[in-house]
Structures are given as structure tokens and as C-alpha cells.
Amino acid sequence: MKKIFAFVTAFVCFMCSCGDRKDKVLTMDDKVFVKEFPCEIDLVERQDVSIDEIGVNAVKFVDSLMFIGHGGCWSVYDVRNFTKYGNVLKTGQGPGEFNFVPRCSSAAFVNESDSLVAYIPDKNNGAINRFNVTDFIRTGKEHVGKYLRSQYLTNDVWDVIPCNGERFLLSVPIHDFSGFKRCILEGDSLVDLNQTKPMEKILVDDSNDINLLARVTRYNNVADKFVEGLLFLNQINVFSGDGKWGKTICVGNELDGVDEIESQFRFDRINAYTTVTAWDCGFGAAYSGVTEKTRQLGTGHSSVLQIFDWDGNPLCLVKVPHSTMAFDIDFVNKLLFIVTEEDEIKVYDASQCIKELDGNRHFSLRRVSRKQ
């Protein structure tokens, strides 16, 4: 009897531990699994468009303007003839200078009166800066000033995504950098997003592995939604700015378990989503699929762009013959700009991508709702 009891006890413990491992999946209550995309697009490179910039890390289109991000500045172009207005923003300790220049794709561009302004996070200095883009184009002078200071904007905050000049998404580490919670900063208030709270329960065992929960986040004000691409987990999270709606998307049969990835040697871990981009009509996510070892070797690899509408329905898949570290669509000229891992800008025809986005074609998903 003692042997039988010991066996049953061990079996129950084993089953419980398996359940814990299965539960260690980063997801919101609503999750969907995408089996396939309605169409696949073959890229056609545009040799007639060339942007001569070095050290590029981001690209962002706002109406007829193109912003190219570098480590220490942004370059501003007119896309109607690709004329360069000049470089803006700088690092330093002076007025209007940044501790480091954030990616142009993470700033909020807002039309105010007769001006386009950019709200740019400078969390290391505890501030949000305001840059009047229109004044720069008119006068050639750079007007950047501190717009907002907050006790919540600290070095500990992982990420700050401005929605406009009033609301900001903060990614705040919890439990000694073992996990994250997502909050909206508005005025002097910091409010948790209810729909993302289930993801706060998923923690890494070692705070040194906090990067396993890291992601790239973008926001679109027309949809009033955020999109996240996880760097080491095969999932995309989409949620509304009011915290009332959210969905986890997995392209595949099952979500990666955090504990499984933790157990892997660091260089054997697969890179998942390298970047995401948000448009009025939908969003795109660049998936890598290569191990960290392959990426570090710098031998070059392909990637795919997965494009969805804001309801999370897959629209099209775009195969890219090289790595994708940033991308955006120039809707004026119907061009797709991709920044590679080698900091090069590649330009492709985007007509088919835009057609799929405008059509907002829907495709059936296998939906799973999890009760807490």
C-alpha cells in the first residue's frame, strides 16, 4: 500500500507540474490560432528609389513625410520627390536634447491647429518631448521642448508609447523584473489595462531572462489599438487603448511556453517577431524564425511579414529575402520600405499589400477563450 500511495503521490505531483508548465503561456483571455493566410505576395524590388542613409534603425511615414531613424538623430524627407529637409533631434544634456533618440516609429504624430507635432518619449529624463515638425520644415529651425514631466517616467519603465499628447502606454516591470504590467498614463493617473492583466501572471524564473517577455509595441490612433510582437515567443498581442478589448494571435498550432524557452541555451532560442508596424487599416509583424546563434553570425536570412486587420484577421503573407528590423508603407507612392539587419534600406512595390489592407479581407480563425 505504501508503494502504491507513493506512486500515486508522485504521479499527482508530476501532473500538477505539467499543468503549471502548460499554464506558463503569455496570453490574454481571447486567443486565436492562424493556420494560413488568404494570399501570399511576391515582392518586386524598386531599383529607381534609393535613400542614401547609414546607420538606419527605423522608418516612419506620416502623410507625405518620411522619417528615418538613426542612433543619434532623425532624417526628414518629402516623399513626393524624396527631397531631404535635414536631420533633427540630438543626444546630450542641453534643452531639447535626449539621453538617447527613440525610434521614430514609436513616437506619436499629431495634427494640432496648422502644425504636425511629434510627441517623443524621453523617459531617462522623466519627460515627454514635443517636436513641431511643421515649424522645422517652414523655417529649418528645430523646436523641441519638454512637454510633460511625470514621476512615473523613470529608468525602470521598460517602454513608453505615446498615443497623443495626453495618453501614454507604459510597460512597467513587476516582481523584481520578472514580469510586466501595461498601464496608461493620463495626467497624474496611472491606470492598469484590464484586458492585459492575465499576462501579468506570467513571470520568468530568473530576472536575467526578462528579455523573453520583451516585445516591440506600436499604436494607431484611428483604431485606438496597440499591437505587440514578442521577440522570443510566437505571438502577437492586440488590445484597445481603453482596456476593454484584447486578443492574442498565434500563427501556428500552439503558443510557445515561457518555461520551455527559459530552459534553452540562449543562442539556441528562436527569434520570433523583430518589429511591428501600425496603420489606420491594420498592422504588420515581421517574423524571423532563426536562432539567436544564426542571427549573431550575421550570415543573412530571410523573414516574413504577416499582415492583419485590426480585428486580428489575417490578410496576407509577404516573404522578404532578407532580415527585417523595421518596415513601413509609403501609401503616397505605394512603396514598402524595409530596414535590414545590416542597416540597409530596401524598397519594394507595395500595391498588392495596400490592396489587401484596403479590402480588409477576412479569414476564418480557430478561436479559444480561456476562463480565469
Side-chain angles (χ1 to χ4, degrees), residues 25-28 57-58 98-108 119-129 148-204 206-221 223-233 235-249 256 258 261 272-278 283 285 326:
V25 175
L26 194 75
T27 180
M28 287 179 279
N57 61 27
F98 293 79
N99 188 278
F100 70 92
V101 177
R103 302 289 175 95
C104 54
S105 48
S106 64
Y119 290 97
I120 310 167
D122 187 21
K123 67 183 182 67
N124 288 359
N125 288 318
I128 301 293
N129 286 355
L148 171 71
R149 289 190 179 276
S150 172
Q151 60 178 326
Y152 298 111
L153 296 173
T154 67
N155 287 333
D156 288 341
V157 174
W158 188 268
D159 203 7
V160 179
I161 304 295
C163 303
N164 47 43
E166 306 299 326
R167 292 192 304 152
F168 311 89
L169 174 70
L170 271 57
S171 181
V172 182
I174 55 177
H175 303 293
D176 298 324
F177 278 84
S178 295
F180 292 104
K181 67 176 180 178
R182 297 153 180 82
C183 312
I184 292 291
L185 173 63
E186 190 167 8
D188 294 327
S189 301
L190 194 64
V191 180
D192 291 353
L193 286 171
N194 289 328
Q195 205 67 11
T196 64
K197 282 187 175 180
M199 294 190 288
E200 297 176 18
K201 301 175 183 178
I202 304 303
L203 309 175
V204 293
D206 185 344
S207 60
N208 291 322
D209 281 330
I210 189 65
N211 279 332
L212 295 184
L213 305 181
R215 64 270 180 200
V216 179
T217 307
R218 299 290 180 258
Y219 172 79
N220 179 268
N221 65 317
D224 188 25
K225 288 178 181 176
F226 299 92
V227 55
E228 300 177 343
L230 275 290
L231 300 187
F232 291 99
L233 301 172
Q235 69 182 82
I236 302 167
N237 298 317
V238 189
F239 50 93
S240 58
D242 60 9
K244 296 180 179 179
W245 179 91
K247 180 181 292 184
T248 294
I249 302 168
D256 288 335
V258 175
I261 309 299
Y273 291 96
T274 54
T275 189
V276 294
T277 300
F283 62 88

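In this text, all values refer to a predicted model and were calculated from it rather than measured experimentally. For the numbers below, each heavy atom of this structure counts, side chains included, while hydrogens, waters and symmetry mates do not.
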*Where is the tightest heavy-atom contact between S150 and L185, given as atom of each residue plus distance?*
OG-CD2, 3.8 Å
_I need the minimum non-hydrogen distance between P173 and V157, along with the two atoms involved._
CD-CA, 4.3 Å
*Heavy-atom closest contact (P162 atom, A108 atom, distance)*: O-CB, 3.5 Å
_Stepwise side chain to side chain donor-acceptor pair (under 3.5 Å) test for D156 and T154_ = CA-CA 5 Å; D156 288 341; T154 67; 4.7 Å; no
_From CG (L213) to CG (L230), nearest 0.5 Å_ = 7.5 Å
*Between N99 and D122, does a side chain to side chain contact (heavy atoms under 4.5 Å, CB included) hold up when you go through it step by step?*
CA-CA 7 Å; N99 188 278; D122 187 21; 4.2 Å; yes
*Is any side-chain heavy atom of L169 closer than 4.5 Å to a side-chain heavy atom of I184?*
yes
*Taking all atoms of both residues into account, what is the closest heavy-atom pair of W158 and A214, and its distance?*
CZ2-CB, 3.9 Å
*Please check if atom CG in D188 has more than 12 non-hydrogen atoms from other residues, nucleotides or ligands closer than 6.0 Å.*
no
*Would you check if the side chain of K123 reaches a backbone N or O of V160 as a donor-acceptor pair within less than 3.5 Å?*
no
*Spell out, as yes or no, whether a donor-acceptor pair under 3.5 Å connects the side chain of N164 to the backbone of R167.*
yes
*Is there side-chain contact between D224 and Y219, with at least one heavy-atom pair below 4.5 Å?*
yes
*Taking all non-hydrogen atoms of both residues, which atom of T217 and which atom of I161 are closest, and how far apart?*
O-CD1, 3.5 Å
_Between R218 and S105, is there a side-chain heavy-atom distance shorter than 4.5 Å?_
yes
*Can you tell me how far CD of E200 sits from SG of C183, rounded to the nearest 0.5 angstrom?*
7.0 Å
_N125 (side chain) donor-acceptor with A127 (main chain) under 3.5 angstrom_ = no
*Residues C163, Y119; criterion side chain to side chain contact (heavy atoms under 4.5 Å, CB included); working and verdict*: CA-CA 9 Å; C163 303; Y119 290 97; over 6 Å; no
*Rounded distance [0.5 Å steps], CD1 in I261 versus CG in L212*: 7.5 Å
*Quick one: pull up CG in L170 and OH in Y152 and give me the separation to the nearest 0.5 Å.*
10.0 Å
*With sequence neighbours excluded, tell me which residues meet side-chain contact (heavy atoms from CB on, under 4.5 Å) with L203.*
I174, H175, S178
*Check for a donor-acceptor pair, side chain of N220 on one end and backbone N or O of A223 on the other, with a separation under 3.5 Å.*
yes
*Under a 4.5 Å cut-off applied to non-hydrogen side-chain atoms, are E228 and V276 in contact?*
no
*Can you find a pair of side-chain heavy atoms, one from V258 and one from L233, that are under 4.5 Å apart?*
yes
*Check whether any side-chain heavy atom of L153 lies under 4.5 Å from a side-chain heavy atom of F168, and answer yes or no.*
no
*asked:* Just so I know, are the side chains of W245 and V238 near enough to count as touching, which here means a heavy-atom distance under 4.5 Å?
replied: yes
*Heavy atoms, side chains only, cut-off 4.5 Å: are S207 and D176 in contact?*
no
*How long is the span from the CD1 atom in I202 to the CG atom in L26, to the nearest 0.5 Å?*
6.5 Å
*Looking at F180, is R215 sitting on its ring face, NZ or CZ under 6.0 Å from the six-membered ring centre and within 45 degrees of the normal?*
yes
*Show your working on side chain to side chain contact (heavy atoms under 4.5 Å, CB included) between E186 and V191 and close with a plain yes or no.*
CA-CA 8 Å; E186 190 167 8; V191 180; over 6 Å; no
*Reported CD1-to-CG distance for the pair I210 and N208, which is rounded to 0.5 angstrom*: 10.0 Å
*Give the minimum heavy-atom separation between F239 and L193, together with the two atoms involved.*
CE1-CD1, 3.6 Å
*Partner set under side-chain contact (heavy atoms from CB on, under 4.5 Å) for T248, not counting sequence neighbours*: T27, M28, K31, Q235, N237, L255
